[in-house]
Number of protein chains: 2
Amino acid sequence: MGKKRVRMVVAYDGTNYHGWQSQNNGDTIEKQLNNALSELLNEHIEVIGASRTDAGVHALGNIAVFDTESTLPADKISYALNQRLPEDIRIQNSGEVPLDWHPRKCDSRKTYEYRIYYAKFPMPVKRLYSHFTYREMDTELMREAAAYLVGEHDFKSFCRSGAQTQSTVRTIYSAEVERQEAEVVIRICGNGFLYNMVRIIAGTLIEIGQGRLEPAEMKNILEACSREAAGPTAPACGLTLIKYEWY
Amino acid sequence: MGKKRVRMVVAYDGTNYHGWQSQNNGDTIEKQLNNALSELLNEHIEVIGASRTDAGVHALGNIAVFDTESTLPADKISYALNQRLPEDIRIQNSGEVPLDWHPRKCDSRKTYEYRIYYAKFPMPVKRLYSHFTYREMDTELMREAAAYLVGEHDFKSFCRSGAQTQSTVRTIYSAEVERQEAEVVIRICGNGFLYNMVRIIAGTLIEIGQGRLEPAEMKNILEACSREAAGPTAPACGLTLIKYEWY
């Protein structure tokens with residue numbers, strides 16, 4: 001028996017976590033996975049995550065890989081691990097991958113959804129997964145603005161200032177805005193996202209939808225390559241990593 | 001100034017409450033409303049609720065009324081009260097009604113939704129508002145069975161045994177079963193519901209959808225007028241009071 005690499009699809013409700021990545025203080029998804037896996041497999045495990053989501057951000061399918069000497073079949077790990085995880089984290093499936101497969105070093109597509117609930121007052125059952133606003137939004141204006149984001153661009157204006165990144169160029173494959181009853185859903189698919197990128201895009205689209213910025217301003221914001229040009233960072237609760245695909 | 005009666009539409013996430021009605025121990029929606037209103041209006045307030053929902057059941061629009069001597073306009077009470085309520089309870093609107101208007105003594109229609117999430121493993125962001133099952137359901141069979149419920153019937157088989165009720169006859173106006181992606185949604189509208197009625201109906205429909213009972217059994221269950229004839233009581237988390245209409 002040798003070492004094997006296991007890939008897991010990890011879903012979580014980020015409400016009660018300080019994000020994905022382990023920090024000295026504060027509970028994280030990564031810490032929960034490392035602890036539960038180390039106990040289950042009786043060896044020291046450290047997972048590598050695909051998306052290091054912020055505090056409060058949710059995921060239907062983030063990706064984590066780890067190496068193990070265990071003889072437990074890779075596809076059975078999901079069942080055993082879910083028994084040991086808190087109910088706000090659930091492995092959706094697990095399987096073996098080649099030892100050199102790395103979730104951040106492969107061609108991939110990530111899809112994020114940002115949900116905004118519009119009404120006179122907040123709706124309690126929506127509060128954990130949608131950002132509330134009492135100002136109406138024009139989704140047509142938001143859609144027009146979102147179209148400027150599609151393609152390969154320098155997204156420096158949509159990156160939290162101070163973030164250390166080699167390149168701020170990313171490709172967005174699609175950026176859709178859809179009304180679902182009282183919610184507006186922004187769905188963005190790209191080959192990668194900068195720190196806070198989707199939340200800053202959402203904050204900017206809300207400004208546009210509520211008439212405080214023209215849709216065509218999106219082009220100028222992109223070209224400015226400066227965080228100050230864009231709108232505010234929308235709250236974490238509205239954001240969910242929906243899907244992670246790789247090739 | 002005299003006394004006036006105020007009607008409020010109350011939305012809540014029932015996860016952290018022991019239901020609507022005040023109990024000696026345990027936090028309830030009613031207790032939160034009574035405390036916040038009494039503080040706000042500086043007089044002793046006791047609300048009367050339309051639906052005394054169980055522990056863990058949610059509402060988009062339950063109804064509560066109360067009488068007050070306050071000069072605060074009835075339609076402004078929603079704003080002031082929401083400042084004092086926990087974020088899992090929110091008044092959706094408030095307004096004055098005649099002093100003899102009573103939410104349980106008027107002709108009304110209540111609509112409940114019961115959500116079931118089907119997958120190999122639970123999805124954390126669904127866990128508070130949907131009942132999870134890993135067994136597939138045939139919604140066509142469920143729809144066929146639900147049709148037997150429509151009309152005026154004695155629903156004694158769908159009432160928690162031991163519940164004290166004068167009559168177990170109710171009218172169901174519609175009973176729909178719909179698939180929404182990975183969820184099955186049961187939506188039932190009626191002039192009133194017995195204790196645990198929607199949850200027992202949901203539990204019975206799940207039995208039918210998963211092939212453990214024939215759809216036509218629904219007719220026999222109704223006719224049996226015995227709680228033992230029906231399926232299990234489905235968990236509270238999947239249930240939401242969607243709408244309360246009155247005439």
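Labels below follow one simple rule: chain letters A, B, ... track the order of the sequence lines, proteins then strands, and each chain is numbered from 1. The analysis underlying the following values was restricted to heavy atoms, covering all of them including side chains, and did not include hydrogens, waters or symmetry mates.
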* To do: State, to 0.1 Å, how close A/P124 and B/A11 come at their nearest heavy-atom pair, and which atoms those are.
  => CG-O, 3.4 Å

* Structure fact -> On a heavy-atom basis, the closest approach of A/V125 and B/D13 is CG1-CA, 4.1 Å

How many angstroms lie between atom [atom1] of [X] and atom [atom2] of [Y], to the nearest 0.5 angstrom?
X: B/E87; Y: A/F132; atom1: CD; atom2: CZ; result: 12.5 Å
X: B/L128; Y: A/Y129; atom1: CG; atom2: OH; result: 4.5 Å
X: B/Q92; Y: A/F121; atom1: CD; atom2: CZ; result: 8.0 Å

* Going through the distances and angles, do A/K120 and B/Y79 end up as a side chain to side chain contact (heavy atoms under 4.5 Å, CB included)? -> CA-CA 10 Å; A/K120 193 169 157 192; B/Y79 293 89; 3.0 Å; yes

* Structure fact -> Of A/N93, A/T15, A/I91, the largest count of non-hydrogen pairs under 4.5 angstrom with chain B goes to A/I91

* To do: Taking atom CG of A/N42 as the centre, report whether more than 12 heavy atoms of other residues, nucleotides or ligands fall under 6.0 Å from it.
  => no

Let me know if [X] has heavy atoms under 4.5 Å from chain B in its side chain, its backbone, both or neither.
X: A/S78; result: both
X: A/R127; result: side chain
X: A/N82; result: side chain

